[in-house]
Structures are given as structure tokens and as C-alpha cells.
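Here the structure is laid out as C-alpha cells; the discussion comes afterwards.
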Amino acid sequence: MSRRIREIVEILSWYIKKHGLLRFIILSFVKLWRHINNEESVYVFDLYFPNILHKFLHTTKVSLRSYDSLASIPAADIDQLIKLKSEAVLYRFLNSFFNRNAKFWIVKKENNVVGVHWTLLGGFNGFYSLPISKRDAIILAVEVFPAFRGQNLWPQILNDTVSALKKEGISRVYIKVGIWNNPMLRSMKKIIGSRIGTVRTFHVFNRHITIWDQKSLDSFS
């Protein structure tokens with residue numbers, strides 16, 4: 001059995017053990033449908049303006065720290081992430097983004113890892129459903145772990161991430177949220193930013209194809 005096949009078997013076994021076979025099958029179909037029907041709301045934060053802070057005071061204290069390489073992540077945080085995502089899933093996840101020169105952010109509440117996300121300067125080779133300049137950044141692969149959801153953490157996490165990027169000289173920050181992700185869409189309403197519209201993005205023969213919803217663009221303009 002090749003290393004690649006062993007890795008896939010390990011990942012599948014971990015997910016089945018975590019969710020049970022029936023729920024794993026259901027979640028797999030849900031993920032497949034979201035991949036096919038990948039409509040997303042696009043938001044932008046223009047960092048030239050000072051009012052990027054979210055509208056409400058912080059209610060829960062969390063801390064953020066970013067990492068540029070796998071080796072720089074503290075072992076204690078890696079151990080927590082392995083328990084949450086499995087070793088095979090975690091390292092595949094980390095390497096896929098570090099290989100693109102993305103920056104990994106770990107969000108902690110006291111000593112507990114509560115969530116993770118990534119930032120990438122210049123998007124994916126200057127694109128993220130729309131052209132992205134080298135002075136712009138995107139936020140992607142956001143995850144707040146189940147035990148910490150419903151605590152209104154995302155507005156603070158996003159605010160602190162955007163504020164840190166502004167100090168690095170970033171001009172604008174973009175983020176996309178799946179239209180199925182109602183909790184995050186509600187959280188985005190608590191943050192001072194602009195919703196550009198909704199888009200579907202497809203990759204065909206190394207080309208990006210974007211389909212924007214006309215009504216959503218009309219409402220932005």
C-alpha cells in the first residue's frame with residue numbers, strides 16, 4: 001500500500017470514528033453539494049479608513065498569533081490541533097497552505113485553541129474571485145471549533161486579524177463566506193466592512209471562472 005493510500009485510509013478512519021459511519025456519509029454529501037453549489041458572499045475591508053473596528057465591545061478575551069512555518073508552531077498547540085483534526089488531516093492541511101506562503105493564525109482562549117484561519121498576501125497568484133493586488137490580503141479556511149461556537153468570537157477574531165494586517169501595511173482585506181454558513185454571515189453583520197456581492201468560482205484547466213450575482217452587485221453599487 002502506497003503512502004498516499006495509507007494517508008487517505010487513515011483520514012477516512014479518523015472521520016468515521018469521530019462521526020460514525022452514517023453521519024460521515026451525510027456530511028460527505030453535504031460537503032460535495034457545497035463544493036458544487038459554491039455560492040459565497042464577498043466582503044472587503046478598506047484599511048485606508050480608520051473605522052475597521054467592529055461595532056461592539058469585546059465580550060470574551062481571545063489572543064491571536066500567526067506562524068509562517070510548521071516548525072514555528074508550538075508543540076503544545078500542535079498536540080491540541082491533532083486531537084481536533086487528526087495528525088494526517090492536520091499536517092496535510094498545514095503543508096498545503098504553507099507551500100503557498102500563507103500565514104497560519106491560531107486563536108486561543110487562555111490555553112485552549114479555539115480556532116484557526118489563514119491569511120495570504122496577493123491572493124492566489126493575484127486572484128480570489130476578483131483581482132487581488134500584492135498589497136491586499138485574503139482571509140480563508142476559517143474554523144472556530146465546535147466547543148467554542150456561539151460565543152460571538154468571530155467579530156473579535158476578524159477585527160484583531162485585520163488590525164494586525166493594517167500594521168503590516170496591507171491596503172485591503174477580502175474574505176468570502178459560504179451562503180450556507182448562517183452563523184458566520186450573522187457575525188459579519190457586526191463588523192464594519194463592505195459586502196461586495198455573491199459569487200460562484202470554478203477552476204477549469206487551470207483557469208478561474210467567476211459568476212457574479214447581478215442583483216447582489218447592484219445592491220453594492
Side-chain angles (χ1 to χ4, degrees), residues 38-68 97-98 100-107 114-144 151-203 207-221:
N38 63 347
E39 189 172 4
E40 298 170 299
S41 288
V42 183
Y43 299 85
V44 61
F45 300 86
D46 194 329
L47 307 193
Y48 286 116
F49 296 94
N51 60 338
I52 62 170
L53 303 180
H54 68 78
K55 302 174 186 177
F56 304 100
L57 295 176
H58 294 175
T59 56
T60 305
K61 184 174 179 59
V62 296
S63 61
L64 282 72
R65 186 171 178 182
S66 62
Y67 301 92
D68 295 317
F97 283 103
F98 279 133
R100 296 177 180 270
N101 296 317
K103 183 178 291 186
F104 185 55
W105 297 74
I106 294 179
V107 185
V114 304
V116 297
H117 60 279
W118 293 85
T119 57
L120 181 60
L121 301 186
F124 294 99
N125 296 320
F127 193 78
Y128 194 52
S129 294
L130 71 166
I132 304 293
S133 80
K134 294 181 179 179
R135 292 190 61 190
D136 298 340
I138 63 174
I139 298 175
L140 66 162
V142 175
E143 185 172 7
V144 175
Q151 299 182 24
N152 197 37
L153 298 180
W154 176 240
Q156 179 185 344
I157 294 169
L158 179 57
N159 172 74
D160 290 353
T161 303
V162 170
S163 296
L165 292 173
K166 182 179 182 180
K167 292 177 181 178
E168 296 178 7
I170 302 303
S171 301
R172 283 174 296 273
V173 177
Y174 296 87
I175 182 171
K176 296 192 295 185
V177 180
I179 61 169
W180 51 266
N181 193 343
N182 290 319
M184 186 173 284
L185 290 175
R186 288 194 295 269
S187 292
M188 294 300 294
K189 294 180 180 180
K190 301 176 182 179
I191 303 162
I192 298 176
S194 298
R195 178 178 176 275
I196 298 175
T198 59
V199 66
R200 288 185 174 91
T201 304
F202 304 94
H203 307 280
R207 300 289 183 180
H208 300 285
I209 300 175
T210 58
I211 303 173
W212 289 86
D213 179 79
Q214 184 63 51
K215 291 182 180 179
S216 67
L217 293 175
D218 290 343
S219 64
F220 175 72
S221 60

Query - Any Asp213 side-chain heavy atom under 4.5 Å of Val199 side chain - result: no
Report task. Answer with yes or no after comparing the ring centroid distance for Phe98 and Trp118 against a 6.0 Å cut-off, counting only values under it. Result -> yes
Query raised in the report: Could you state the interatomic distance from NZ (Lys166) to CG (Asp46), rounded to the nearest 0.5 Å?
Result: 9.5 Å
Requested in this report: Verify side-chain contact (heavy atoms from CB on, under 4.5 Å) between Ile132 and Tyr174, making sure each step is shown before the conclusion.
Outcome: CA-CA 9 Å; Ile132 304 293; Tyr174 296 87; 3.5 Å; yes
Query - Asn38 side chain to Thr201 backbone, donor-acceptor under 3.5 Å - result: yes
Report summary line: Interatomic distance, CG@Asn152 vs CZ@Arg186, rounded to 0.5 Å, equals 11.0 Å
Query raised in the report: Charged N to carboxylate O under 4.0 angstrom, Glu168 versus Arg135?
Result: no
Requested in this report: Could you check Ile106, Ile175, Ile157, Leu140 and say which one makes a side-chain contact (heavy atoms from CB on, under 4.5 Å) with His117?
Outcome: Ile157
Query raised in the report: Which atom pair, heavy atoms only, marks the closest approach of Val142 to Trp154?
Result: CG1-CZ3, 3.5 Å
Report task. Would you check if there is a donor-acceptor pair between the side chains of Ser163 and Asp160 at a distance under 3.5 Å? Result -> no
Query raised in the report: Just wondering, do Leu158 and Pro155 contact through their side chains at under 4.5 Å, heavy atoms?
Result: no
Report summary line: Output for pair (Trp180 CH2, Glu40 CD), nearest 0.5 Å, gives 9.0 Å
**Report entry** Test log, rule side-chain contact (heavy atoms from CB on, under 4.5 Å), inputs Ser63 and Val107
**Finding:** CA-CA 6 Å; Ser63 61; Val107 185; over 6 Å; no
Query raised in the report: Would you say the side-chain atoms of Thr161 and Trp105 include a donor-acceptor pair closer than 3.5 Å?
Result: no
Query raised in the report: If you measure from CG on Leu165 to CZ on Phe45, what distance do you get to the nearest 0.5 Å?
Result: 11.0 Å
Report task. Taking the six-membered ring of Tyr43 (Phe, Tyr or Trp), confirm whether the NZ or CZ of Lys176 is under 6.0 Å from its centre and within 45° of its axis. Result -> no
**Report entry** Worked verdict on Phe124 versus Arg100 for side-chain contact (heavy atoms from CB on, under 4.5 Å)
**Finding:** CA-CA 8 Å; Phe124 294 99; Arg100 296 177 180 270; 3.3 Å; yes
Query raised in the report: Mind checking whether Ser66 and Thr119 have side chains closer than 4.5 Å, heavy atoms only?
Result: no
Query - Test log, rule side-chain contact (heavy atoms from CB on, under 4.5 Å), inputs Val62 and Leu153 - result: CA-CA 8 Å; Val62 296; Leu153 298 180; 3.9 Å; yes
Query raised in the report: Is Asp136 close to Ser171 at the side-chain level, that is, under 4.5 Å between some pair of heavy atoms?
Result: yes
Query raised in the report: Hey, does Asp68 have a side-chain heavy atom less than 4.5 Å from the side chain of Phe104?
Result: no
Query raised in the report: Out of curiosity, Leu121 CG to Ile170 CD1, how far, rounded to the nearest 0.5 Å?
Result: 4.5 Å
Query raised in the report: When rounded to the nearest 0.5 angstrom, what distance separates OG in Ser41 from CE in Met188?
Result: 9.0 Å
Query raised in the report: Can you find a pair of side-chain heavy atoms, one from Ile211 and one from Phe202, that are under 4.5 Å apart?
Result: yes
**Report entry** Contact check, side chains of Ile196 and Trp212, non-hydrogen atoms, under 4.5 Å
**Finding:** yes
Query raised in the report: Do other residues, nucleotides or ligands put more than 12 heavy atoms under 6.0 Å from the CG atom of Asn125?
Result: no
Query - Heavy-atom side-chain contact between Arg195 and Val42 under 4.5 Å - result: no
